[in-house]
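This is the structure I want to talk about, given as structure tokens.
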Amino acid sequence: MTTPTTIHFKETDIDAIAALEGRVAVFVAEDGRLDVNARRVNRLTKGALARFSESEAFEKMKASQAMLMSFPAGMEAEALVVVRLDRRPSAELARKAGVEIAKLKGKGALTVLGGNITRAEEISFGIALRDYEFDVYRTENGEARDSEKGEVTVMVNKPEEVARAAAPLAAVAEGVFFTRDLVNEPANVLTTDDFAARLAAMQEIGLDVEILEEDELEKLGMRTLLAVGQGSDSPSKVVVMRWNGGETDDAPFALVGKGVVFDTGGISLKPAGGMEEMTMDMGGAGVVAGVMRTLALRKAKTNVVGLVGLVENMPSARAQRPGDVVKSMKGDTVEVINTDAEGRLVLADVLWYAQERFKPRGMIDLATLTGAVIIGLGHENAGVFANDDDLCKAMLKAAEAEGEGAWRLPLSPAYDKLLKSKIADMRNSCGRPAGSVTAAQFLKRFVKDETPWIHLDIAGVASTPTETAYAPKGATGWGVMALNRLMDEV
Ligand code: BES
Ligand code: MN
Ligand code: ZN
């Protein structure tokens with residue numbers, strides 16, 4: 001498992017600056033002013049920092065941007081990371097500054113000269129979030145690579161205070177990393193069994209984890225979920241994770257995730273080009289797991305239940321066929337037009353089960369559901385579908401506050417005609433028009449009118465081909481921060 005860098009908070013020590021090893025991050029205010037730490041660095045470097053702050057290069061830097069000054073004379077440090085940031089930055093700029101520092105932090109030690117800057121905890125959080133690399137499978141001469149990260153120390157005037165503010169953010173970083181690892185893992189490692197075992201291990205941090213195996217799912221009537229997994233040698237499972245930090249009688253909020261550990265498309269086989277990316281088709285389940293981890297680690301005062309449907313969509317002699325009709329736990333029948341539209345079949349049963357068993361006060365599902373959402377929104381925004389305007393507004397606000405892109409798309413009975421089947425209650429695939437909307441409209445059939453509900457189509461944002469605001473390319477952990485925030489508000 002990739003764990004976030006531990007960040008140490010220490011008291012400012014001006015006299016120690018000259019001898020600091022590794023890289024040293026120092027802040028210059030937007031107007032070019034130097035704080036006490038920066039003035040010290042400036043003296044040691046014979047005015048280099050002041051010259052820089054008056055230069056055109058500094059003028060062109062945006063707030064929170066950073067620049068590397070290698071081998072500063074008069075200091076032991078290998079390099080200075082000079083950051084343009086005011087003493088009282090917004091949370092967003094502070095976090096961004098942390099991200100920029102992380103990009104320039106190198107392999108050795110890093111000391112951040114925070115001084116009396118506010119929101120040093122957000123700077124630290126930004127460093128932790130961006131300092132991620134999934135390198136467990138890279139070797140040097142066949143041996144696991146030593147990927148130990150250098151120590152990160154943030155020197156501030158009130159270290160205890162900052163450490164206290166940083167603790168809940170460290171829990172968020174752990175949740176984000178947990179999600180990213182799950183999404184990045186290949187499917188020969190992250191099988192349904194392996195995934196369930198990793199979730200069960202979270203009992204150690206206080207989550208209540210229950211694994212429903214195939215025979216139980218059969219008894220519950222989850223035929224649409226089981227039909228997706230029946231072509232695979234990996235057994236289908238539903239895992240229920242509970243965090244009960246709120247009042248005993250309060251109904252939980254439910255988070256539901258699509259956990260297709262690999263999506264070949266099934267008998268409606270996907271083309272070879274790009275199929276390897278379908279290791280991330282458990283991204284929804286990954287986010288649910290990451291949020292549950294964060295809630296437990298920060299001991300959130302709320303009741304939340306996370307449910308994930310873990311299956312593998314494989315072609316085989318036992319696989320479901322196009323044209324099959326399957327019955328959901330709810331009782332509605334589905335004609336399987338395309339075995340590659342499997343996510344909605346998995347979610348249909350888990351959504352229904354979540355409501356029948358937990359009567360949740362609200363429900364959000366996350367799924368890498370459609371390629372169409374990538375056509376519509378690219379990798380910048382998740383598609384948001386909601387049957388409740390208040391919950392939707394709260395979600396969009398939380399996503400905005402955390403810098404996670406989210407854009408609302410419509411649900412409407414006008415699309416229902418596209419779901420009509422010749423022989424069953426509905427069909428699972430409805431052609432190219434509005435592919436993400438018809439998928440959401442399908443899910444809505446398994447949501448009770450009284451349940452405030454959001455569907456998040458994260459196919460474009462769960463894993464990205466280029467770096468994002470907080471993550472290197474690959475798995476992003478999109479949604480962990482927004483949902484963690486939202487869970488305190490709903
Ligand atoms: N897992 C895919 C959606 C997907 C595509 C996720 C690209 C991430 C990147 C999903 O199961 C799928 O195959 N959807 C089909 C639906 C269609 C057959 C109705 C799609 O989007 O093409
Ligand atoms: Mn598919
Ligand atoms: Zn899929």
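Ligands are counted one by one from 1 in listed order, and the atoms in each one are counted from 1 as well. Excluded from the calculations below are hydrogen atoms, water molecules and symmetry mates; all remaining heavy atoms, backbone and side chain alike, are included.
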Cation over ring face, Lys448 and Trp352, 6.0 Å, 45°: yes

Residue and atom name of the nearest protein heavy atom (relative to atom 2 (C) of ligand 1), distance in Å to one decimal: Asp263 OD2, 3.6 Å

Gln65 CD: over 12 foreign heavy atoms closer than 6.0 Å: yes

Any N or O of Arg344 closer than 3.5 Å to N or O of ligand 1: no

Min N/O separation Ser429 to ligand 1 under 3.5 Å: no

Any side-chain donor near an acceptor of the partner, Thr464 and Thr476, under 3.5 Å: no

Those atoms of ligand 1 less than 4.0 Å from some heavy atom in Thr370: 3 (C), 21 (O)

Name of the Asp281 atom (N/O/S only) found closest to the Zn ion (ligand 3): OD2

Nearest heavy atoms of Asp332 and Arg445, plus distance in Å: OD2-O, 4.4 Å

Heavy-atom gap Lys258 to ligand 1 smaller than 4.0 Å: yes

Asn313 heavy atom under 4.0 Å from ligand 1: no

Heteroatom proximity flag, Glu342 to ligand 1, N/O under 3.5 Å: yes

2.8 Å cut-off met by an N, O or S atom of Asp340 to the Zn ion (ligand 3): no

Pair Thr264-Asn313, side-chain donor/acceptor within less than 3.5 Å: no

Atom 12 (C) of ligand 1: nearest protein contact (heavy atom, Å): Asp340 O, 3.2 Å

Shortest protein heavy-atom distance from atom 7 (C) of ligand 1, along with the residue and atom involved: Met278 CE, 3.6 Å

Heavy-atom side-chain proximity of Thr370 to Arg344 below 4.5 angstrom: yes

Closest approach of any protein heavy atom to atom 17 (C) of ligand 1, naming residue and atom: Ala341 CB, 4.3 Å

Numbered atoms of ligand 1 (with element) below 4.0 Å of Ile374, judged on heavy atoms: 7 (C), 9 (C)

Lys270-ligand 1 polar pair, N/O distance under 3.5 Å: yes

Angle in degrees, rounded to 10°, that OD2 of Asp263 and OE2 of Glu342 form at the Zn ion (ligand 3): 90°

Non-hydrogen atoms of Asn387 and Trp453 that approach each other most closely: OD1-N, 2.7 Å

Residue Gly343, metal the Zn ion (ligand 3), N/O/S under 2.8 Å: no

For the Mn ion (ligand 2), the closest N/O/S atom belonging to Asp263: OD2

More than 12 heavy atoms of other groups within 6.0 Å of Lys397 NZ: no

Over 12 foreign heavy atoms within 6.0 Å of CD, Glu276: yes

Proximity winner for atom 14 (N) of ligand 1, if only heavy atoms of Val373, Leu369, Asn338 are counted: Leu369

Donor-acceptor pair between Asn484 and Thr294 side chains, under 3.5 angstrom: no

Atom name, Glu342 (N, O or S, nearest to the Mn ion (ligand 2)): OE1

Flag: protein heavy atom within less than 4.0 Å of atom 22 (O) of ligand 1: no

Distance from atom 20 (C) of ligand 1 to nearest protein heavy atom, with residue and atom: Gly371 N, 3.9 Å

Close N or O approach (Ala459, ligand 1; < 3.5 Å): no

Heavy atom of Arg427, distance to ligand 1 below 4.0 Å: no

Lys330, NZ atom: more than 12 neighbouring heavy atoms under 6.0 Å: yes

Asp449 CG: over 12 foreign heavy atoms closer than 6.0 Å: no

Parallel, tilted or perpendicular: ring planes of Phe177 versus Tyr132, cut at 30 and 60 degrees: perpendicular

Closest contact, heavy atoms only, Arg427 versus Val334: C-CG1, 4.2 Å

